[in-house]
Amino acid sequence: MPFLHTPTPFTMDKLAPFHHSPPLLQNHKPKPIRTHSPPSLSVALITTSSLETTPRPTHVPNLGSLNGFTADSKTLDSVKAMHAQMIKKGNKWNSDSMAKHLITSYLELGDCKSAAVVFFVGFARNYVMWNNFLEEFKSFGGDPSEVLEVFKELHCEGVVFDSRVISVVLKICASVMNLWLGLEVHASLIKRGFELDVYVRCALMNFYGRCWCVESANQVFHEPPNLDDLLWNEAILVNLKNERFVKALELFREMQFLTSKVNATTVLKILQACSKKGALNEGKQIHGYVLKLAMESNLSICNSLIIMYSRNGKIKLASRVFDSMKDHSLSSWNSIISSYTTLGYLNDAWNLFCKMERSGTKPDIITWNSMLSGNAIVSSYKEVLIILRRMQAAGFRPNPRSITSVLQAVIEPGLLNFGKEIHGYVIRNGLDYDAYVGTSLLDMYVKNDCLTNSQAIFDNMKNKNIVAWNSLISGYSFKGHFDHARRLLNRMKEEGIKPDLITWNSLVAGYSMRGHTKEALALIHDIKISGLTPNVVSWTALISGCSQNGNYSESIEAFVQMQEEVIKPNSATISSLLRTCGGLSLLRKGKEIHCLSIRKGFIEDLYVATALIDTYSKSGDLESAHKVFRSAEKTLASWNCMIMGFAINGCGREVIALLDGMQRAGILPDAITFTALLSGCKNSGLVEEGWKCFDMMSNDYGIKPTIEHYSCMADLLGRAGYLDEAWDFIQTMPIKPDASVWGAMLGSCRIHGNIEFAEIAAKELFKLEPYNSANYVLMLSLYAMSNRWEDVDRIKDLMDTRGIKPRQVWSWIQIDQRVHLFSAGGIPHQDEGEIYYELYQLVSELKKFGYLPDVNCVYQNIDEEEKVKMLLSHTEKLAITYGLIKTTSGAPIRVIKNTRICSDCHTAAKLISLVRSREIFLRDGVRFHHFKAGKCSCNDYW
């Protein structure tokens, strides 16, 4: 049909009419026309009902009374007989109440068609009556499409309908999506030259906006005359329903210029759209219009303003609207309380809750659920339990939404038993029918590592929504059970449920986090094959997974591919990239991403700010890290990150100062804070301060020390030379020492040359980590320093027997945009000759300043001269020398090494910084070293 190809609604006169009837509303000569304008119950023209030919029952009820029927005597035949008698009596029995009684009787007896006939021709109607009739009609199981069928049959009999009926018919067409009848109604109106009043035009706009396209609805609106307020409001609503937010706002502004008045319903819908779209500025303009027209007394509008401001993160403005209201309904209280809970202002929400009770307004289930969900968001399970008990004490039984909030709060480790109690409550109270409750239970078990229970719940769910499928697939994927995840994915397809992007993205994240980058990239390809387009979440999952797994180069490669796909990064992408830059100490790249964050408006994101602090700290630029920290909103995570930044750079005093600042700011430290504090103390040799922090954990903050804290303390004591005290500390630990504790002891023994304790520690490590080459290398170094070559050979034989090879040692430096790698035993650098020439010259200069090669760093049984030559081939020396050659004078040199720097290279680097007047930043496998003017930031304590 032409209409399907041309959006204009005014070509519809070309449509063919129904084959069994003349065009709707067109004058029909073969039969006399009866209109409904003079109230009449005449239905003699309606052949389908044939009410006048219905056999008379033996008893005809008293027509003078609406109660002529008893429950036992009322039958369809008796009602039809009564109807026929009313027709014969004419106007005497014509009354709205009698017609209503007939309609109800027909509906009660299941004759919906006759009920519709009576209503169409029975009596004068208004729009309220129509709405009431349709509600009653549907309540008795009537299908609105039956009303349309009656309309067509009445038209065939020559009944002419006025604009009120046409408006309702068009609304029903829109409701049941009867596309063609609505088109024919419009076409017939045009053919007849029927003047479209405002109600019909509104109904047409609603019909086209719902059934065809909003452009056609807008064309109906723009047909002159179009200055009626109702039309303007309907046009705005139709555009809002079709997600045409910009067009709706344009119409709203035009209305203001034409001094047309927007009604309250339209204002409400626009405010809801502002909430949904995050359109704060537009919302403020609507607020101004509300004040201008004194609509602020409308509670629904004020409630929508509260929600609009809170959804846009402006809780203070939402609070001002609430405080300015003269009266507060229950909905008003719920709006402001849910606003505070959603944004995490839980104490303020509690104060409002108490104020609500004092005002005499009783909280309902929505109020309680808002309090539950707000606390559940921040995983404040203790508060959730308190609220739940208070809610029950107030006489409210938890509903499905209450249960989902409680389950969300018990996903923390150690709360599984409470989650099981909630599961029991769900079963006892029959709430397991609810798909959201079932999905929340499944998710709770997944996040508590109970995949068997999750699978059981999933298998027993009658209504599996896609969220349930995704939750279980992600659980298997994140735990590395990829076979289970794949089988579930195939089963999902077999049951006719198409995987969405969330399904695929969970698999991408799982594979990349487990180091299976190729498989994750293959999944990106599978997404495209499935007809979906990988979005920013897909690529961020890949980038983040690689970064968390330490596959930094693959993370950068994934970002390059993401850019080639023209996918714009979001704040999560930026945070993951910054972690990658921090992992590789790519300072320049980190600064580029910092600039990108500022341009894109991500700099205010807490995760981005914390990631920036981490990147600058791990790149040795503490000044930039601290600058970001000072300007950002200070959360516990940002404090911890800054403390750890100073710690890995050996700034122990600054670490302690930060703890003082954190306490003054009212931020309570957690276990991570104390790990960072103890790391700062051990890297700076602050034994007394370390003991204070360790004791402070349990005494002042009730934090139980973990193995990480005990490892830091053992390392602190051992490095400081208190090996006996470190040994006693390890022996009296309430936790069994693991590899990190014995590793700290072995490293300390190597520093101080204590073979006795070293051998004890090594024995434990060889059992705990039999294939970790670093432990064997430390013992080789220690024996070589003591000239115990037989023991060196014994360790080498042990390594050969176990098939252990020393870890590949490398250092790299970035010159301009290129990374230059120097690997021990690897492919020689292309400028190797130039590098060694410069290095020989450099060593000659260093010797004038007292440099003596430390041959103890070579654990091979060769002569002294060969050992000196081997020291020259250490990768960090080669990287530093290349930096001196290729960078401009005065530029700092930044080198990354994957293992601990040896004492000879450490001494050489200090002297090079003095002789060449260069700052050298070297990040080894343990910590940072900042060499400047012959000194190192570690104060030779590493």
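Taking the six-membered ring wherever Trp is involved, the centroid distance between the rings of Y710 and F694 falls below 6.0 Å.
Partners of E495 by salt bridge (charged side-chain N to carboxylate O under 4.0 Å, His left out), not counting sequence neighbours, listed by chain and number: R491. For K704, the salt bridge (charged side-chain N to carboxylate O under 4.0 Å, His left out) criterion is met by no residue, not counting sequence neighbours. Remark: E557 engages no residue in a salt bridge (charged side-chain N to carboxylate O under 4.0 Å, His left out) (not counting sequence neighbours). For D715, the salt bridge (charged side-chain N to carboxylate O under 4.0 Å, His left out) partners two or more places apart in sequence, or in a different chain, are K682, R719.
Judged purely by atom type and a 3.5 angstrom limit, S370 uses its side chain to pair as donor or acceptor with the backbone of I366. Panel note: side chain D614, backbone T610; no donor-acceptor pair is recorded below 3.5 Å. Under the 3.5 Å distance criterion, the side-chain polar atoms of D443 are left unmatched by any main-chain donor or acceptor of T439.
A side-chain N or O of T573 and one of T540 form a donor-acceptor pair less than 3.5 Å apart. Inspection of the E708 and T675 side chains reveals no N or O donor paired with an N or O acceptor under 3.5 Å. Residues S329 and S332 have side chains that bring a donor and an acceptor to within less than 3.5 angstrom of each other.
Among residue pairs with one or both ends in residues 513-555, those qualifying as ring-ring contact (aromatic ring centres under 6.0 Å, His included) are F482-H516; sequence neighbours excluded. Sorted by first and then second residue, the ring-ring contact (aromatic ring centres under 6.0 Å, His included) pairs involving residues 450-474 (not counting sequence neighbours) are F458-W469.
Contact record, L668 with L636: O-CD1, 3.5 Å, taken as the closest heavy-atom pair.
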